[in-house]
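Report on the structure given below.
Every heavy atom of this structure was used, including side-chain atoms; hydrogens, water molecules and symmetry mates were not. Chain identifiers are assigned alphabetically (A, B, ...) following the order of the sequence lines, protein sequences preceding nucleic acid strands; residue numbering begins at 1 within each chain.
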Amino acid sequence: MVSATIEKIARHVGETVELKGWLYNMRESGKLLFPQFRDGTGIIQGVVSAKDVSPEVFEIARGLSQESSVIVQGIIREEKRAPGGFEISVSHLESVQTVSPGDPYPIAPKEHGIEFLLDRRHLWLRSQRQHAILKVRHEVIRAVRDYFDSHDFTLIDTPMFTPAACEGTTTLFEVDYFGQKAYLTQSGQLYNEATAAAFGKTYCFGPTFRAEKSKTRRHLTEFWMVEPEMSFARLEEVMNLAEDFICAIVERVIANRRAELKTLERNMAPLERVQKPFPRLHYDDAVKLLKEKGATFEWGGDFGAPDETLISENFDRPVMVHHYPSQVKAFYMEPDPQRPELACCVDVLAPEGYGEIIGGGERISSYEGLVKRIQEHNLPPEAFTWYLDLRKYGSVPHGGFGMGIERCVAWICGIEHLREAIAFPRTITRNYP
RNA sequence: UCCUGAGUAGCUCAAUGGUAGAGCAUUCGGCUGUUAACCGAAGGGUUGUAGGUUCGAGUCCUACCUCAGGAGCCA
């Protein structure tokens, strides 16, 4: 007996194969059953005819409830009437575990509320839409790794436990570290600066944690971030990298995950327009643009979500906004030599209202400059001794950026909420399942 | 933390202050090409919690709880 997967079922037309999976749904019509099977790679309709199988097998098939696990044997046929275009004519069927009708699978093929679904996220992952999103996520992550691996970056992952903040301590998760205070990382960037000085070009990729009390579709308390860092790089090179990187990811997902994007009913036109060069907008000009659009915005502030949408809707592809005022950015941003009140930084705003997916820039390379900033931000200097060392022993201009994986996936999938872009989302109100 | 909205059957939702309802799901019956199949029947309720107003509260009032959307902050 040939074992087959639904994803590659087309190559088995005419053959009798064995499928191992679960009952996705079933329609029945008297002595004819139409079970739909899924195996993790796809969904295929089966047909069980009472005249073609033993009465015992027919009864087992008829008694299957949604998500019962099964092993099915049958001939694969092309069948226009079947969703997906292929069908398995079941000759034998074995139930591995039949879901009890007294406690049926809770996620029926109909609409459900979000709280109900999130409480059953461990089961919700089996549905087509969630499956498609997580397949895209996997493709994005593969593209990210392939991109950096093939551009001479070395992967060096950074710690989750850290002794101090990169930004404010209010947004840090504090943990007890054998009697001492430690914090879950918000970013691997400071460590990336050390590894970049050791290896030239590096990146880290892992979960990050923010204890922000944000209750919006754009926030998770635990999210995955990829952060490249380059020695001897200026803002210009950071922007070039961000642009090339995003194009590579989008191109790769379009090439390999078209079926999933179709399942998600993603409008492909805006994705296909993601080509170099991206528009580059100086902060001054972004403020000017906001004022032209009638927004009440004062120079010097950071953009809120509605501001980002107003800016990005003027462009048909991601837009790079650079040179924000230092006061709204992290302490380690390199000041612009011509205008020290501005930081050599860049945010990449995704189109279609998805907002910031990348933030980055050039880091301060001078020892004195960094000490001054640490003081201004009231950060504990002893925690940054090692970080300051990087400015004492062969300091160079360097920079990089961070990209939030879930924001990128949500944008590419065209989904409303970040919580669907990760298998088990952690938000301010959710730490289960 | 603030603003707005919502909690009724397993799920999604109805119900002028006057007998608690439908569809889906489940069970039983019917149907040999179904497409969220369809047709018939059955079971299924402390209306988020605690008070209050009223002859009478799912409905009105107060407090609290939970969730959702948004703001601030951020990727």
Side-chain angles (χ1 to χ4, degrees), chain A residues 24-36 43 45-53 58 62-63 65-67 77 79-85 87 89 99-120 127-128 166-168 170-172 185-189 207-227 242 301-308 324 328-330 347-350 354-360 401-411 416-419 421-422 427-430:
Chain A
Y24 191 71
N25 196 7
M26 180 147 67
R27 287 180 277 269
E28 53 174 295
S29 177
K31 300 286 181 245
L32 200 57
L33 310 176
F34 297 98
Q36 287 182 296
I43 293 176
Q45 175 168 287
V47 58
V48 185
S49 171
K51 72 175 173 25
D52 294 339
V53 297
F58 189 82
R62 208 171 69 89
S65 35
Q66 192 187 358
E67 288 300 323
R77 290 181 295 103
E79 172 58 70
K80 282 194 180 133
R81 290 171 292 186
E87 190 171 72
S89 297
V99 175
S100 163
D103 186 10
Y105 186 71
I107 305 178
K110 56 161 292 188
E111 283 182 25
H112 296 280
I114 190 65
E115 190 184 5
F116 178 83
L117 290 169
L118 284 172
D119 281 341
R120 292 154 187 82
S127 68
Q128 280 188 90
C166 315
E167 283 130 56
T170 52
T171 61
L172 285 169
T185 184
Q186 289 182 306
S187 162
Q189 185 229 310
T208 50
F209 308 89
R210 306 258 169 114
E212 292 158 4
K213 296 197 172 176
S214 302
K215 291 178 60 174
T216 80
R217 69 185 74 184
R218 296 178 311 279
H219 290 89
L220 298 169
T221 54
E222 176 183 307
F223 64 95
W224 284 63
M225 190 154 65
V226 59
E227 297 173 277
D302 200 0
F303 304 128
D307 303 317
E308 289 182 351
Y324 286 67
V328 300
K329 288 291 171 185
D347 281 2
V348 180
L349 308 182
Y354 279 90
E356 183 181 349
I357 53 170
I358 279 182
F401 61 79
M403 183 183 79
I405 290 293
E406 290 79 14
R407 283 193 180 176
C408 179
V409 170
W411 162 52
E416 281 287 299
H417 204 299
L418 242 50
R419 65 190 161 210
I422 186 167
T427 64
I428 184 170
T429 56
R430 178 166 296 278

Looking only at side-chain atoms of [X], point me to the closest of [options].
X: Arg419(A); options: C74(B), G69(B), G33(B); answer: G69(B)
X: Glu212(A); options: C74(B), G33(B), A68(B); answer: C74(B)
X: Phe34(A); options: A75(B), C67(B), U34(B); answer: U34(B)
X: Phe116(A); options: A71(B), C11(B), U1(B); answer: C11(B)
X: Lys215(A); options: G70(B), G33(B), A36(B); answer: G70(B)
X: Glu79(A); options: A68(B), G33(B), C74(B); answer: G33(B)

Review point. When all nucleic acid strands are considered with a 4.0 Å heavy-atom cut-off, which category describes Ile358(A): base, sugar-phosphate, or nothing?
Key: sugar-phosphate
Check your understanding: Base, sugar-phosphate, or nothing: which does Asp347(A) touch, judged by heavy atoms less than 4.0 Å apart?
Key -> nothing
Is [X] side chain donor-acceptor paired with the [N] base, going by distance under 3.5 Å alone?
X: Arg120(A); N: C11(B); answer: no
X: Glu416(A); N: G69(B); answer: no
X: Ser214(A); N: G72(B); answer: yes
X: Gln45(A); N: U34(B); answer: yes

Exercise for review: Using a 4.0 Å heavy-atom cut-off, write out nucleotides 21-31 of chain B from 5' to 3' as B (base contacted by protein), S (sugar-phosphate only) or - (no contact).
Suggested key: --BS-SS---B
**Study point:** Presence of Arg218(A) side-chain N/O under 4.0 Å of A71(B) phosphate oxygens OP1/OP2
**Key:**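 It does, given that an N or O in the side chain of Arg218(A) lies less than 4.0 Å from OP1 or OP2 of A71(B).
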Using a 3.5 Å cut-off and no angle test, enumerate the donor-acceptor pairs between side-chain atoms of residues 105-119 of chain A and protein atoms at least two apart in sequence or in another chain.
unit_1: Tyr105(A); atom_1: OH; unit_2: Leu123(A); atom_2: O; d: 2.9
unit_1: His112(A); atom_1: NE2; unit_2: Ala108(A); atom_2: N; d: 3.3
unit_1: His112(A); atom_1: NE2; unit_2: Ala108(A); atom_2: O; d: 2.9
unit_1: Asp119(A); atom_1: OD1; unit_2: Arg430(A); atom_2: NH1; d: 3.0
unit_1: Asp119(A); atom_1: OD1; unit_2: Arg430(A); atom_2: NH2; d: 3.1

Practice item. State whether Asp347(A) and Lys329(A) are salt-bridged, where the test is any N-O pair (Lys NZ or Arg NE/NH1/NH2 against Asp/Glu carboxylate O) under 4.0 Å. Key: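 Result for this pair is yes, salt bridge flagged.
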Review point. Rounded to whole angstroms, how far apart are CD on Glu227(A) and P on A75(B)?
Key: 9 Å
Exercise for review: Measure the distance from NE2 on His112(A) to P on A68(B) and round it to the nearest whole Å.
Suggested key: 17 Å
